[in-house]
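Report on the structure given below.
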There are 2 protein chains.
Amino acid sequence: MQFSVGVEYSLHCLLYLVDVNERSVGIKDLAAYQGVSESYLSKFFAKLKKNGIVESVPGAKGGYRLARAPETITFWDVVEAVEGSEPFFKCTEIRQNEIILDRSNLPASHTKSPCLIHKVMDEAEAQMKHFLQSKTLKWLYDEVQNKVPSVHIQATKEWFERNL
Amino acid sequence: MQFSVGVEYSLHCLLYLVDVNERSVGIKDLAAYQGVSESYLSKFFAKLKKNGIVESVPGAKGGYRLARAPETITFWDVVEAVEGSEPFFKCTEIRQNEIILDRSNLPASHTKSPCLIHKVMDEAEAQMKHFLQSKTLKWLYDEVQNKVPSVHIQATKEWFERNL
DNA sequence: TTTATCGTGGATAATAATTATCCGCGATAC
DNA sequence: GTATCGCGGATAATTATTATCCACGATAAA
Ligand code: FES
Ligand code: FES
């Protein structure tokens with residue numbers, strides 16, 4: 001039960017994209033700046049694009065930019081884009097295997113209403129989802145502006161400007 | 001990002017152990033009743049034991065019973081026992097790779113305070129943990145007593161009694 | 001128009017995690 | 001003594017994650 005590294009990669013990258021409004025930043029730059037694999041990072045951006053989080057500019061001098069306002073991009077959106085939308089808990093309906101049951105004529109209690117254990121686990125995921133939906137990229141950006149030394153923020157901005 | 005099937009197996013099994021007070025139930029019976037692999041299920045019970053959720057009775061007619069009151073066993077305890085206690089989000093400290101940094105002299109902002117993204121993801125896990133800690137095995141047992149037809153509960157109990 | 005750049009999708013592979021089985025050991029009930 | 005059972009280690013099959021490479025089409029710049 002672990003998140004893919006793509007979640008860390010993606011969130012850090014998206015943070016750099018907030019400043020890039022009309023223009024775009026290439027995978028090459030994003031990968032170089034963070035010292036990660038270019039080709040691997042590109043796989044995650046494909047998912048982010050498919051989920052409407054970023055949009056791409058094809059061709060030379062192309063790259064990526066946010067597809068919508070950072071206020072509307074939540075941590076959950078990114079997690080879901082990268083990890084897929086399968087629920088964390090996959091119930092195998094083990095209850096329907098109970099040896100005392102007639103497999104060809106299962107009681108309503110085992111087919112109609114969801115298994116309580118399943119329900120609790122789904123609710124647990126919903127708790128995490130709710131929390132992550134409350135954290136937007138805009139919020140992250142603003143917090144970082146306040147907490148990281150402005151000299152470093154400026155240097156980052158300039159590095160990307162140079163390669164725009 | 002998925003829970004192992006051991007979580008489903010374990011929770012369903014523990015439910016059957018609530019009634020079994022002084023005595024014990026063997027893996028063989030638990031596996032047979034639920035139609036799952038005996039040897040595989042035993043691996044999860046090893047973890048449940050190591051984490052003090054169940055205790056074992058060795059030797060013939062041996063088996064497992066709860067190691068403590070079902071009021072004190074939470075869904076989270078079971079998840080942690082089965083999945084291990086590694087955090088869901090493993091931060092690779094990607095921020096320390098930023099190309100503009102001097103790797104041999106990292107700024108305090110990148111080493112002292114935790115990365116905000118990391119912090120948010122850990123908090124998200126904490127949300128789920130908090131919720132799952134609020135759901136005890138006793139609560140689950142009581143809910144099931146209310147919702148599942150008593151004829152089925154009785155039949156289950158009798159099946160395990162026969163093989164005790 | 002050529003050329004270099006860059007996203008895109010597919011193929012492929014290395015590594016790790018999950019799922020699953022088997023077997024021998026020691027403890028215990030009968 | 002013997003059959004039963006938990007226990008731990010070894011092992012393997014399957015799947016997911018991590019990672020690379022390449023050919024393609026689109027585009028900007030020369
Ligand atoms: S049957 Fe799947 S969690 Fe109960
Ligand atoms: S450095 Fe790991 S989440 Fe930011």
Side-chain angles (χ1 to χ4, degrees), chain A residues 1-10 13 17 20 22-32 34-51 53-65 67 79 81-84 86 88-90 92 94 163-164, chain B residues 1-10 13 17 20 22-32 34-51 53-65 67 79 81-90 92 94 163-164:
Chain A
M1 178 70 171
Q2 299 238 126
F3 288 106
S4 132
V5 290
V7 175
E8 184 180 12
Y9 285 15
S10 298
C13 285
L17 292 187
V20 181
E22 305 296 293
R23 297 163 297 168
S24 70
V25 178
I27 288 287
K28 208 174 163 185
D29 291 335
L30 286 167
Q34 299 181 109
V36 299
S37 153
E38 210 177 305
S39 55
Y40 191 33
L41 184 59
S42 77
K43 296 300 172 189
F44 295 118
F45 266 84
K47 293 184 176 189
L48 294 173
K49 184 188 175 185
K50 193 180 287 181
N51 283 265
I53 291 170
V54 299
E55 60 189 18
S56 65
V57 179
K61 290 279 162 186
Y64 289 96
R65 65 167 79 101
V79 167
V82 171
E83 299 277 328
E86 293 292 296
F88 295 167
F89 184 82
K90 51 177 165 156
T92 66
I94 191 181
N163 302 37
L164 96 157
Chain B
M1 180 66 171
Q2 299 237 128
F3 288 105
S4 133
V5 290
V7 174
E8 184 180 12
Y9 285 15
S10 297
C13 285
L17 293 187
V20 181
E22 306 296 293
R23 297 161 299 169
S24 70
V25 177
I27 288 288
K28 207 174 163 183
D29 291 335
L30 287 167
Q34 299 180 109
V36 299
S37 153
E38 210 177 306
S39 55
Y40 191 34
L41 183 59
S42 76
K43 296 301 173 189
F44 295 118
F45 266 84
K47 293 184 178 191
L48 293 174
K49 185 190 175 184
K50 193 181 288 181
N51 283 266
I53 292 171
V54 298
E55 60 190 18
S56 65
V57 179
K61 290 279 165 187
Y64 290 95
R65 65 168 79 102
V79 167
V82 172
E83 299 277 329
S85 39
E86 293 292 295
F88 295 167
F89 184 81
K90 52 178 165 158
T92 65
I94 192 180
N163 302 37
L164 96 157

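Order of the sequence lines fixes the chain letters, A, B, ..., with proteins taken first and strands second; residue numbering starts at 1 for each chain. Reckoned from all heavy atoms, side chains included, excluding hydrogens, waters and symmetry mates. Just so we're clear, the structure is a prediction, and the values are computed from it rather than from any experiment.
Of all heavy-atom pairs between E83(B) and M1(A), the closest is OE1-CB, 2.9 Å. Across all their heavy atoms, R65(B) and V20(B) have their closest contact at CB-O, 4.3 Å. The two residues C13(A) and Q34(A) come nearest to each other via the heavy atoms SG-NE2, 3.0 Å.
Taking the six-membered ring for Trp and thresholds of 30 and 60 degrees, Y40(A) and Y9(A) have ring planes more than 60 degrees apart, a perpendicular arrangement.
Side chain K28(B) to base dG6(D): no donor-acceptor pair is found below 3.5 Å.
Of the candidate nucleotides dA4(C), dT18(D), dT21(C), dT18(D) has the atom nearest to the side chain of Y40(A). With dC21(D), dA20(C), dG6(D) as the choices, the nucleotide that has an atom nearest any side-chain atom of K43(A) turns out to be dC21(D). Counting only heavy atoms from C-beta on, K49(B) has its side chain closest to dC7(D) among dC30(C), dG7(C), dC7(D). Closest to the side chain of I27(B), out of dG6(D), dG7(C), dC21(D), is dG6(D). Taking only side-chain atoms of S37(B), from C-beta outward, the nucleotide of dT28(C), dT21(C), dA20(C) with the closest atom is dT21(C). Comparing dT18(C), dT4(D), dG9(D) against the side chain of E83(B) picks out dT18(C) as the nearest. Of the candidates dC7(D), dA3(D), dT19(C), the closest approach to any side-chain atom of S4(B) belongs to dT19(C). Counting only heavy atoms from C-beta on, P58(B) has its side chain closest to dT28(C) among dT28(C), dT19(C), dA28(D). Picking from dT19(C), dA4(C), dG6(D) the nucleotide with the shortest atom distance to the side chain of V5(B) gives dT19(C).
Spacing between atom CD of Q2(A) and atom P of dA16(C) amounts to 13 Å, rounded to whole angstrom units.
Residue S39(A) is classed as a base contact, given a heavy-atom separation below 4.0 Å to a base. Among the heavy atoms of the strands lying under 4.0 Å from G63(B) are primed sugar atoms or P, OP1, OP2 only; no base atom is included. Within 4.0 Å of K90(B), counting heavy atoms only, lie sugar-phosphate atoms of the nucleic acid but no base atom.
Using a cut-off of 4.0 Å between Lys/Arg side-chain N and Asp/Glu carboxylate O, E55(B) and K49(B) are scored as not salt-bridged.
Under 4.0 angstrom from either OP1 or OP2 of dC5(D) there lies no side-chain N or O belonging to S56(B).
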